[in-house]
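Whatever order the structure lists ligands and atoms in, that order sets their numbers, starting from 1.
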Amino acid sequence: MFCRGRLIFTVRKRKRDDSLELKKTIQKIAETKSITEEELANILIIAEKEKREYLFQKAREAAERNYGKKIYIRGLIEFSNICKNDCFYCGLRKSNNRLDRYRLTEADIVSCADYGYELGFRTVVLQSGEDLFFDDDKICRIVREIKKRHDDIAVTLSIGEKKRESYEAFYEAGTDRYLLRHETANRRHYENMHPENMSFVHRRKCLSDLKEIGYQTGCGFMVGSPGQSIHTLYEDIEFIRELQPHMVGIGPFLPQRDTPFGEQTARIEGIDSTEENSIVDSTLILISVLRLLFPKLLIPATTALGTAHPMGRELGILAGANVIMPNLSPVSVREKYLLYDGKICTGEEAAECINCLRRRVEGIGYQIVVDRGDCLE
Ligand code: SAH
Ligand code: SF4
């Protein structure tokens with residue numbers, strides 16, 4: 001009996017010591033804005049909710065110091081699901097012949113932006129597969145038209161890898177921002193997720209071109225993509241430090257059944273995914289870590305996070321995210337932009353969507369604001 005009592009005492013003490021250690025590590029990361037691979041591993045394996053809460057609280061404080069309780073919104077216009085690429089994880093890949101393909105017209109795209117403006121959006125994100133039908137002239141024409149109609153709107157493009165000259169032309173036409181997730185900073189991992197004709201080096205070159213040209217640039221990655229490990233995640237953080245993007249988008253990898261990764265489940269090598277420590281938890285932990293390391297970064301609570309968990313976007317904000325990207329695409333095409341299975345908000349009109357999100361965001365003590373939502377330099 002005595003022995004058992006001692007054992008419980010020792011375990012409790014160790015737990016308290018662990019908690020203390022962890023708090024110290026989190027404080028150190030927040031103060032020095034640096035992290036070692038070992039610290040990242042120790043944080044990613046936290047299985048207890050209470051311990052994670054301390055991390056989230058610190059991340060919220062960092063977000064609040066810079067952005068208050070403001071949540072920026074970007075209206076996403078998914079204008080084509082046609083893609084010349086064959087990324088192994090994505091439902092839009094060209095070899096997926098089960099997908100019903102669509103393209104919006106230029107007039108449709110502009111009227112989606114008009115509608116978004118009316119609803120209070122001051123940023124629109126034009127996203128698509130790599131669809132060569134939309135050549136540089138068409139893209140520039142669309143951007144110019146949106147900027148002409150609304151001089152206080154920011155236009156973001158997310159249309160994949162292009163030549164430097166194309167990026168320059170889009171910038172000249174008035175594009176403010178560009179989102180191109182780097183997907184992974186580890187070459188082997190990248191090659192594991194893409195066919196041979198896609199190049200790790202070219203993707204990085206695109207990102208450095210975008211930064212050099214002057215875009216507010218966003219990179220990012222999926223959490224739990226096949227082949228990801230604590231080490232590759234550490235490399236992602238190093239890469240972000242080097243690139244100094246304005247935004248980093250991360251969301252869980254979600255399998256799409258008609259892709260080569262359709263049978264995979266999201267998982268980080270070296271971490272046992274359990275009910276207490278799921279891929280959603282890992283995503284939230286990584287959002288917090290990014291917030292502590294890069295306090296001014298724009299970090300979206302992604303639709304993928306909202307798909308993986310019914311409260312995903314709220315949890316993302318409570319872990320330090322400060323952007324959400326509701327869908328402005330016409331409802332008739334939403335289900336066809338199927339990057340992954342189970343995508344949320346495919347049935348609602350944008351107005352309903354934004355009202356619902358406004359309520360949900362207010363419910364956790366934050367406010368959606370009518371603002372371009374530029375990154376603080
Ligand atoms: N074609 C452009 C933009 C569309 S894809 C591009 O590739 O940059 C936008 C992002 O969706 C990708 O960068 C990828 O990170 C994410 N995505 C694709 N398939 C996904 C999946 N199965 N699960 C989660 N995110 C996915
Ligand atoms: Fe195309 Fe982008 Fe999907 Fe790759 S991730 S297949 S480039 S839409």
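When non-hydrogen atoms are compared, ligand 1 lies under 4.0 Å from the backbone of Ser128 (N, CA, C, O) but not from its side chain. Under 4.0 Å from ligand 1, not a single heavy atom of Gln256 appears. Residue contacts with ligand 1, taken as heavy atom pairs separated by less than 4.0 Å, involve Pro252 solely via the backbone atoms N, CA, C and O. Neither the backbone nor the side chain of Phe88 has any atom closer than 4.0 Å to an atom of ligand 1 (non-hydrogen atoms only).
Between the side chain of Arg313 and the backbone N or O of Leu305, no donor-acceptor pair lies under 3.5 Å.
With hydrogens left out, the protein atom closest to atom 16 (C) of ligand 1 is Arg181 NH1, 3.8 Å, a heavy atom. Closest to atom 17 (N) of ligand 1 among all protein heavy atoms lies Met222 SD, 4.1 Å. Remark: minimum distance from atom 4 (Fe) of ligand 2 to any protein heavy atom is reached at Cys87 SG, 2.3 Å. What sits closest to atom 22 (N) of ligand 1 on the protein, heavy atoms only, is Leu254 O, 2.7 Å. Residue, atom and distance of the protein heavy atom nearest to atom 11 (O) of ligand 1 are Leu339 CD1, 3.6 Å. The nearest heavy-atom contact from the protein to atom 19 (N) of ligand 1 is Tyr89 CD1, 3.4 Å. Given atom 12 (C) of ligand 1, the protein heavy atom at minimum distance is Glu183 OE2, 3.4 Å. Of the protein's heavy atoms, Asn85 ND2, 3.5 Å lies nearest to atom 7 (S) of ligand 2.
Cation-pi geometry between Arg122 and Tyr117 is satisfied (NZ or CZ under 6.0 Å from the ring centre, within 45° of the ring normal). The cationic group of Arg203 does not satisfy the cation-pi geometry with Tyr190, failing either the under 6.0 Å distance to the six-membered ring centre or the 45° limit from the ring axis. Both the sub-6.0 Å distance and the 45° axial angle are not jointly satisfied by Lys343 relative to the ring of Tyr337.
The contact set between ligand 2 and Arg93, taken as ligand atoms under 4.0 Å from a residue heavy atom, comprises 6 (S). For ligand 1 and Tyr337, the ligand atoms under 4.0 Å from any heavy atom of the residue are 4 (C). Of all atoms in ligand 1, listed by their number and element, those nearer than 4.0 Å to a heavy atom of Cys90 are 18 (C), 19 (N). Using a 4.0 Å cut-off to heavy atoms of Gly129, the atoms of ligand 2 that qualify are 8 (S).
The pair Asp209-Lys205 counts as a salt bridge, with a side-chain nitrogen and a carboxylate oxygen less than 4.0 angstrom apart. A salt bridge does not link Glu362 to Arg358: none of the charged side-chain nitrogens sits closer than 4.0 Å to a carboxylate oxygen. A salt bridge is defined here as a Lys NZ or Arg NE, NH1 or NH2 lying under 4.0 Å from an Asp or Glu carboxylate O, and Glu31 with Lys24 fails to meet this definition. Ion pairing between Arg187 and Glu191 holds under the 4.0 Å rule for side-chain N and carboxylate O.
Within a 6.0 Å sphere centred on NZ of Lys70, other residues, nucleotides and ligands contribute 12 heavy atoms or fewer. Around the CD atom of Glu276, the shell of radius 6.0 Å holds more than 12 heavy atoms that belong to other residues, nucleotides or ligands.
Ligand 1 is approached by Ser158 to a heavy-atom distance shorter than 4.0 Å.
There is a path of hydrophobic side-chain contacts, each under 4.5 Å, that joins Leu104 to Ile139.
Among Cys83, Ser80, Cys90, the residue whose heavy atom lies nearest to atom 3 (Fe) of ligand 2 is Cys90. Scanning Met198, Arg203, Gln127 for the heavy atom closest to atom 7 (O) of ligand 1 points to Arg203.
Using cut-offs of 30° and 60° for the angle between ring planes, the Tyr178 and Phe170 rings count as parallel.
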